[in-house]
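Whatever order the structure lists them in is the order used to number ligands and atoms, beginning at 1. Starting from 1, each residue takes its place in the sequence as its number.
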Amino acid sequence: MTTLPSVNWSYPTSVRFGVGRIKELPDAVKAAGMKKPLLVTDPGLAGLPMVADAIASLKAAGLDAAVFSDVKPNPIDKNVEAGVAAYKAGGHDGVIAFGGGSGLDAGKLIAFMSGQTRPIWDFEDIGDWWTRADPAGIAPIVAVPTTAGTGSEVGRAGVVTNSATHTKKVIFHPKMLPAVVICDPELTAKMPRMITVGTGMDALAHCLEAYSSPFYHPMSEGIALEGMRLVFENLPKVVADGSDLEARGHLMSAAAMGAVAFQKGLGAIHSLSHPVGALYDTHHGMTNAVFMPYVLQFNKPAIEQKFERLAGFLGFKGGYQGVLDAVLKLREDLGVPHTLSGLNVDDAKRELIAEMAIVDPTAGGNPVELTKDGALAIFDKAMSGEV
Ligand SMILES: [Fe+2]
């Protein structure tokens, strides 16, 4: 038993939060206007009882559901194309995006592309490119996160890797925001330990980078603060006891909060993590976790003062240094590698990674301008381990 409440939120979309609420999936699917949903997930989850149970509950409620799971850990364009083909062939009328970042993003992108005529790259998150999309061609989405990290369940974008150029692209449209979200912490309880750590550190990176970005967005900044507190307090608890549903629930909230907060911007952690993930297929959150202290040090001149307030809120002594020390200790306690070699990344592509980092859409949110020399310096420190 937990004291975790079961609540409904309507911010930023309709969220049904609480232990056991996955049983409301058929109702949520009907509320989103679907009769024949395509459940999109990754191959690992597709073989687990939670997906079989979801499909059984949908069918029992008279909903003609099918599964599409040909999705890579870092989804590529071909996964989206194959998903759209399956969606059309099956005559579906909506998507259940089910899983971690890959299942959620692939599901959202399949729903988005199901009724578009232009290629996916025309809708990259640049300027007002999203207005090129036909909003009537976007299928409704119900999102069911099974990790606590990406926050994509409450986001309006999907990340997909261009398999020709090996670059990660963000595709954005306001209608990609899921109509209904089910946040059931029980679905995250059996995550492998390192996925719990990596996804939790992704949520922390979202809040940390949103808080650090220089743009004026006090709403997001406030959400980022509480999101960080929830990660610092609860990630060690779930790593110590995977069945602690209360801590898992708080992490699930922190994940959604991170995605709301990063409307304010991300930064160099993500700018470097994206090319490394695209070139080496590393885990996104774990890659962020490795880069985190090196990027904080790079940004120190711009964030030092602001981190006095952050340290005060989090209860860490020593201002900026206190936060940095807490990040280093959290990484160490959770078994995050201190250097990129721990993720089997070498320095053979350092120039390319730096060139990709500075044009990554997240680079503009970094509080210190991310130049190629700056990106190289951060990468080299993440290789050598010198904070
Ligand atoms: Fe992220």
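Between F112 and H173, the angle of the ring planes lies from 30° to 60°, which puts this pair in the tilted group.
Atom NE2 is the N, O or S atom of H284 at the shortest distance from the Fe ion (ligand 1). The Fe ion (ligand 1) is closest to atom OD1 of D202 (considering only N, O or S atoms).
In this structure, D380 pairs ionically with R350, as a charged nitrogen and a carboxylate oxygen lie closer than 4.0 Å.
With the Fe ion (ligand 1) as the vertex, atom NE2 of H270 and atom NE2 of H206 span an angle of 90° (nearest 10 degrees).
Atoms OG1 and CG, from T167 and D360 in turn, are 9.5 Å apart once rounded to the nearest 0.5 Å.
Checked against the 6.0 Å centroid threshold, W9 and F17 count as a close aromatic pair.
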